[in-house]
There are 2 protein chains.
Amino acid sequence: MQSFTEENYLKIIYHLSEKTANVQTNAIAEQMQTKPASVTDMIKKLADKGLVDYVKYQGVTLTEKGKQAAVDIVRKHRLWEVFLVSKLNFKWDEVHDVAEELEHIKSVDLIERLDEFLGFPKSDPHGDPIPDKNGRFAKTQFIKLIELKIGDGGTITGVSQHSSAFLKHLEKLGLTLGKQIQISDVTDFDGSVEILVANKQINISREVAKHILISSNGKN
Amino acid sequence: MQSFTEENYLKIIYHLSEKTANVQTNAIAEQMQTKPASVTDMIKKLADKGLVDYVKYQGVTLTEKGKQAAVDIVRKHRLWEVFLVSKLNFKWDEVHDVAEELEHIKSVDLIERLDEFLGFPKSDPHGDPIPDKNGRFAKTQFIKLIELKIGDGGTITGVSQHSSAFLKHLEKLGLTLGKQIQISDVTDFDGSVEILVANKQINISREVAKHILISSNGKN
DNA sequence: GTTTATTTTTAGGTAAATCTAAAAATTATT
DNA sequence: AATAATTTTTAGATTTACCTAAAAATAAAC
Ligand SMILES: [Mn+2]
Ligand SMILES: [Mn+2]
Ligand SMILES: [Mn+2]
Ligand SMILES: [Mn+2]
């Protein structure tokens, strides 16, 4: 059984592992909003518990056991986010902090029943996939909106940025999950993208386009 | 903002306050499953924070501020218990430990929305009243089943014992909240009580009868 | 009203998770 | 390859919530 803090470390290491195999001390410290010295201490503890493989100065990788623990927390986090949005009418930009606490409630029964209550959702309010109780993810095929060509279209199925500011901005633009979009034009000057959504033409910055994930219908 | 531990202390002091005005160190230690020395440490901290009034060797009483904090936790605990039973199909004997964790989630928004989602329940699965967001309890008029006379009847509206063993036993006897009962006889020999419930005569021990709360219809 | 028992507090210490400041290892730059 | 910059680790403290053992205060019994 892990402490809250250990669980938070495991989850962060898990997410950082998607970018680089060996996760660095400083990267963890930044995410945990703590100091590198503290991270080194915790890494040693996690290594002792067999949750990470650790070679001094070389960063860490999750062991199978550590990965399972991490995925379990991700599962809980995302299921709670679904609960907050679909049952308690939270907005998608309001759920993260609360889920950050709820994910640590320890009861296998609770999370299985919650999963059932929610109808076994496959993704959370930000489009992120929810692993099943065995830790398996449904395969997802996303492409960044920025990578689409003029004439390409698809459905908004996720975001790769979870800040409240970004999510509120998308909402104002009408760019929420499930919306159909099509690329009308790409501006040479600033890389901004002209898209057709709900029969309206809107312009979004390159920065915004980078963080919208599309399940593509291919060319049109 | 209080820590989990501080919150647990406040809640326990609150419950013990219902029996005696000045709550003793040893009583707190027993409930917290810790040692009296640890309790003294924590009491000092709570006194420093203005949550309890403390006179050495004389026990503690909650200040207005401490009482509010305690009632707030009781509110969360009971609302979560309702959620677990009414939405996730937990049994009334399975909810306590999980609610013990959930009650510490810090989000005013969350608990107000949960309250609304549950339809502003007035009592929890054990019949205990749920304070509103201002900390006010609806008045309740309970009488212990053991105190009823032959011929008296009423509705089961609460229990004063929350152990899983007791609750499972009640369930097996068909003595759940809302059931109508009437006293048929009281045995001189062992003080056990003969009652009529759902058209059946059953016998319950004095010990069981002590912990069932009835809203009485008076004599019959 | 002493003596005894109980309750409560103090003294001193441990473990978890953090910190700052300084040392060591690794990586990048000339 | 030597020097500089960056990253990471150690050393030594701090805070929170505990503990045990011993001392002090209060309550109960004789
Ligand atoms: Mn968390
Ligand atoms: Mn999410
Ligand atoms: Mn609790
Ligand atoms: Mn209850």
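As a basis for the values below, the full set of heavy atoms in this structure was taken, side chains included, without hydrogen atoms, waters or symmetry mates.
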Task: Set of residues satisfying side chain to side chain contact (heavy atoms under 4.5 Å, CB included) with respect to A:Thr34, sequence neighbours excluded - done: A:Tyr9, A:Met32, A:Ser38, A:Val39
- [ ] Find the distance A:Leu46:CG to C:dA16:P and express it as a whole number of Å.
- [x] 12 Å
Open item on the list: Regarding B:Thr40, tell me which of base, sugar-phosphate or nothing describes its non-hydrogen contacts under 4.0 Å with the strands shown.
Closed with: base
Task: Test ring pair (Phe, Tyr, Trp, His ring centres under 6.0 Å) applied to A:Phe166 - qualifying residues, sequence neighbours left out - done: A:His211
TODO: For B:Ile28 and C:dT9, give me the distance from atom CD1 to atom P, rounded to whole Å.
DONE: 9 Å
Open item on the list: OP1 or OP2 of C:dT9 versus the side-chain N and O atoms of B:Tyr54: is any pair under 4.0 Å?
Closed with: yes
TODO: Remember a base hit wins even if backbone is also touched, and classify A:Tyr9 as base, sugar-phosphate or nothing at under 4.0 Å, heavy atoms.
DONE: sugar-phosphate
Open item on the list: Each nucleotide in nucleotides 21-29 of chain D should get exactly one letter: B, S or -. Can you fill that in based on protein heavy atoms under 4.0 Å?
Closed with: ---BSS---
Only pairs under 3.5 Å count here: list side-chain donor-acceptor contacts from residues 15-24 of chain A, not counting sequence neighbours, and write none if there are none.
unit_1	atom_1	unit_2	atom_2	d
A:Ser17	OG	A:Ile13	O	2.7
A:Asn22	ND2	A:Gln58	O	2.7

Task: With sequence neighbours excluded, residues passing salt bridge (charged side-chain N to carboxylate O under 4.0 Å, His left out) with A:Lys106 - done: A:Glu7
Open item on the list: Quick check on D:dC19: is either OP1 or OP2 less than 4.0 Å from any side-chain nitrogen or oxygen of B:Ser38?
Closed with: yes
Task: Length of the CD-P vector between A:Glu30 and D:dT7, whole Å - done: 11 Å
- [ ] Answer with base, sugar-phosphate or nothing: what part of the nucleic acid does A:Phe4 contact at a heavy-atom distance below 4.0 Å?
- [x] nothing
Task: Distance test, side-chain N/O of B:Lys44 to OP1/OP2 of C:dT10, below 4.0 Å - done: yes
- [ ] Return the value, rounded to whole Å, for the distance between atom CD of A:Glu6 and atom P of C:dT18.
- [x] 10 Å
Task: Residues forming a ring pair (Phe, Tyr, Trp, His ring centres under 6.0 Å) with A:Tyr14, sequence neighbours excluded - done: none
Task: Nearest-Å distance for atom pair CG/C1', residues A:Asp41 and D:dT8 - done: 12 Å
Name each donor-acceptor pair under 3.5 Å that joins a side chain in residues 79-89 of chain A to protein atoms two or more places apart or in another chain, with its distance.
unit_1	atom_1	unit_2	atom_2	d
A:Trp80	NE1	A:Leu102	O	3.4
A:Glu81	OE1	A:His126	ND1	3.2
A:Glu81	OE2	A:His77	NE2	2.9
A:Ser86	OG	A:Val82	O	2.9

Open item on the list: Set out, in order, the CA-CA distance, both residues' side-chain angles and the distance that settles side-chain contact (heavy atoms from CB on, under 4.5 Å) for B:Asp128 and B:Val74, then state yes or no.
Closed with: CA-CA 10 Å; B:Asp128 295 311; B:Val74 169; over 6 Å; no
Open item on the list: Using a 4.0 Å cut-off on heavy atoms, which residues in residues 11-27 of chain B reach DNA chain D? List them by number, or say none.
Closed with: none
Open item on the list: Under a 3.5 Å cutoff, is there a donor and acceptor pairing between the side chains of B:His104 and B:Asn8?
Closed with: yes
- [ ] Send over the distance from A:Ile43 CD1 to D:dT10 P, rounded to a whole Å.
- [x] 11 Å
Open item on the list: Distance check needed: C:dT8 P versus B:Met32 CE, whole Å only.
Closed with: 16 Å
- [ ] Under the ring pair (Phe, Tyr, Trp, His ring centres under 6.0 Å) rule, collect the residues that match up with B:Tyr57, sequence neighbours excluded.
- [x] none
